[in-house]
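Below is one structure, written out as structure tokens; the observations come after it.
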Protein chains: 2
Amino acid sequence: MKLTTRGRYAVTAMLDLAINGGPQPVSLADISGRQEISLSYLEQLFAKLRRNELVTSARGPGGGYRLARSGTDIFVAQIIDAVDEAVDVTNCQGKGNCHHGETCLTHDLWEDLSGQIHDFLSQISLGDLMERRQRQRTTARPVEGLLQTLSLG
Amino acid sequence: MKLTTRGRYAVTAMLDLAINGGPQPVSLADISGRQEISLSYLEQLFAKLRRNELVTSARGPGGGYRLARSGTDIFVAQIIDAVDEAVDVTNCQGKGNCHHGETCLTHDLWEDLSGQIHDFLSQISLGDLMERRQRQRTTARPVEGLLQTLSLG
DNA sequence: CTATTCCCGAGTATTTTAGTCAAGAATAGC
DNA sequence: GCTATTCTTGACTAAAATACTCGGGAATAG
């Protein structure tokens with residue numbers, strides 16, 4: 001699991017789609033305009049999102065992208081996984097053939113840590129983010145809303 | 001909060017220091033040899049770790065680095081923060097002067113998400129990682145040990 | 001037909017990452 | 001004091017990743 005700006009772009013775009021979309025598709029040009037992400041960059045991201053079956057597409061005028069399923073069933077981890085390929089975290093390619101006693105420390109450690117983060121982001125759906133956004137709009141104290149909604153307890 | 005290979009290097013090196021160090025300092029050359037991280041790269045990382053008061057240094061023969069305090073009081077998030085400067089997550093530099101209705105969606109959303117991850121990594125200390133490593137060495141089933149030790153419940 | 005939109009691959013500028021190199025300062029042990 | 005060791009610093013560089021451009025195509029609504 002990596003956490004970069006690309007993942008942020010993808011989550012933002014997907015959230016835009018969740019908010020502004022519905023039965024009718026949303027064009028990448030629209031998202032590009034609203035979120036100020038370059039159109040061709042979005043094209044690349046959505047190619048991956050589509051291959052990972054997070055969105056469906058419709059060509060031609062009035063076409064665009066739709067969420068492949070309900071926002072409550074699309075999770076942040078899935079979006080990030082779709083656009084940010086996993087890093088190769090080992091220096092022995094998982095073969096365990098490291099000579100020194102301390103080696104492969106790296107591998108197990110980081111796999112577990114990023115696994116934990118992955119699990120965490122697997123619990124947050126686009127629906128959660130939308131709900132949180134709604135709350136932020138309507139209430140005076142925005143942050144606590146999210147923290148209560150999302151915190152693991 | 002970013003999650004890159006640099007942070008992994010830093011956590012690995014700090015864990016090596018926690019395991020192989022103690023009252024007497026550990027030289028970067030030793031860590032470099034064990035963890036197969038280039039010496040000069042380690043130098044750069046440890047400069048940052050020292051500025052962030054996570055390690056102390058001793059020059060001269062027999063010198064090296066020591067943890068600035070107990071491993072149970074040094075947390076993964078602190079290490080990553082020290083070496084991976086935070087990304088600028090806003091496109092309006094936090095001024096909130098975005099014209100379109102949907103903008104700054106990015107900012108709040110990502111700040112909160114990465115805040116959550118940060119909080120999570122703030123709960124895992126070097127001591128936890130050492131304990132977990134110990135467990136992994138002595139028990140047959142390694143993974144479950146960590147999951148129980150570290151999981152949020 | 002035509003404009004719109006997705007689709008795809010190749011190419012490119014910028015930034016980041018990972019690493020090199022060289023000079024210097026402190027210090028332990030002789 | 002000399003010397004080897006080790007940190008300290010800064011500048012520089014190669015390679016990779018990132019963010020983006022460009023150009024052409026294919027589907028399709030009107």
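Note that the structure is a prediction, hence the values are computed from the model and not measured. The chains referred to below are lettered A, B, ... by the order of the sequence lines, with proteins before strands, and numbering in each begins at 1.
- Side-chain contact between B:Tyr9 and B:Leu45: present, with at least one pair of heavy atoms (C-beta onward) separated by less than 4.5 Å.
- Proximity of a side-chain donor or acceptor of A:Arg66 to a complementary backbone N or O of A:Gln24 within less than 3.5 Å is not detected.
- You'll find the side chain of A:Leu3 stays beyond 4.5 Å of the side chain of A:Asp84, heavy atoms only.
- Here the shortest heavy-atom pairing between A:Gly71 and A:Ser125 reads O-CB, 3.6 Å.
- Among the nucleotides C:dC6, D:dA4, D:dA29, the one closest to any side-chain atom of A:Ser27 is C:dC6.
- Annotation: the span from B:Asn52 atom CG to B:Ile74 atom CD1 amounts to 11.5 Å, rounded to 0.5 Å.
- If you take CG on B:Asp16 and CD1 on B:Ile31, they are separated by 5.0 Å, rounding to the nearest 0.5 Å.
- In this structure, B:Leu28 atom CG and C:dA26 atom C1' are separated by 15 Å, rounded to whole Å.
- The side-chain heavy atoms of A:Ile80 and A:Lys2, taken from C-beta on, include no pair separated by under 4.5 Å.
- One interatomic measurement links the two molecules: CZ of A:Arg6 to P of D:dA17, which rounds to 10 Å at whole-angstrom precision.
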Restricting to nitrogen or oxygen on both sides, can you table the protein-nucleotides 1-3 of chain D pairs closer than 3.5 Å?
none

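- Listed pair B:Lys2 / D:dA17 fails the phosphate criterion, with no side-chain N or O lying under 4.0 Å from OP1 or OP2.
- Between B:Ser57 and D:dT8, a side-chain N or O to OP1/OP2 separation shorter than 4.0 Å is present.
- Distance CD (B:Gln24) to P (D:dC7): 14 Å, rounded to an integer number of Å.
- Atom P of nucleotide D:dA17 and atom CG of A:Leu3 are separated by 17 Å, given to the nearest angstrom.
- Residue contacts for B:Ala58: at a heavy-atom cut-off of 4.0 Å it reaches the sugar-phosphate backbone alone, with no base atom in range.
- Dashed line: the shortest gap from a side-chain N or O of A:Tyr65 to OP1 or OP2 of C:dT5 is not under 4.0 Å.
- Distance, B:Leu17 CG to D:dC7 P: 11 Å, rounded to whole Å.
- Side-chain N or O atoms of B:Gln78 include one that pairs as donor or acceptor with a backbone N or O of B:Phe75 at under 3.5 Å.
- A straight line from CG of B:Leu42 to P of C:dC21 spans 16 Å, rounded to a whole angstrom.
- Residues from residues 45-52 of chain B that place a heavy atom under 4.0 Å from any atom of DNA chain D, listed by number: B:Arg50.
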Next item on the list: Scan nucleotides 21-26 of chain D nucleotide by nucleotide, 5' to 3', and note B when protein non-hydrogen atoms come under 4.0 Å of the base, S if they reach only the sugar-phosphate, - if neither.
Entry: B----B
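- Partner of B:Arg69 under the side chain to side chain contact (heavy atoms under 4.5 Å, CB included) criterion, out of B:Thr56, B:Val55, B:Leu126, B:Leu54: B:Leu54 alone.
- Here D:dT18 presents its C1' atom at 12 Å from CZ of A:Arg8, a figure rounded to the nearest Å.
- Looking at B:Arg50 and B:Glu43, no side-chain N of the basic residue comes within less than 4.0 Å of a carboxylate O on the acidic one, giving no salt bridge.
- Taking the nucleotide of DNA chain D with the nearest heavy atom to each of A:Pro61 and A:Ile37, the more 5' of the two is matched to A:Ile37.
- Across all strands, B:Gly63 comes closer than 4.0 Å only to sugar-phosphate atoms, never to a base (heavy-atom distances).
- Interatomic distance, B:Gln44 CD to B:Leu49 CG, rounded to the nearest 0.5 Å: 12.0 Å.
- Going from atom CZ of B:Arg34 over to atom CG of B:Asn20 covers 3.5 Å, rounded to the nearest 0.5 Å.
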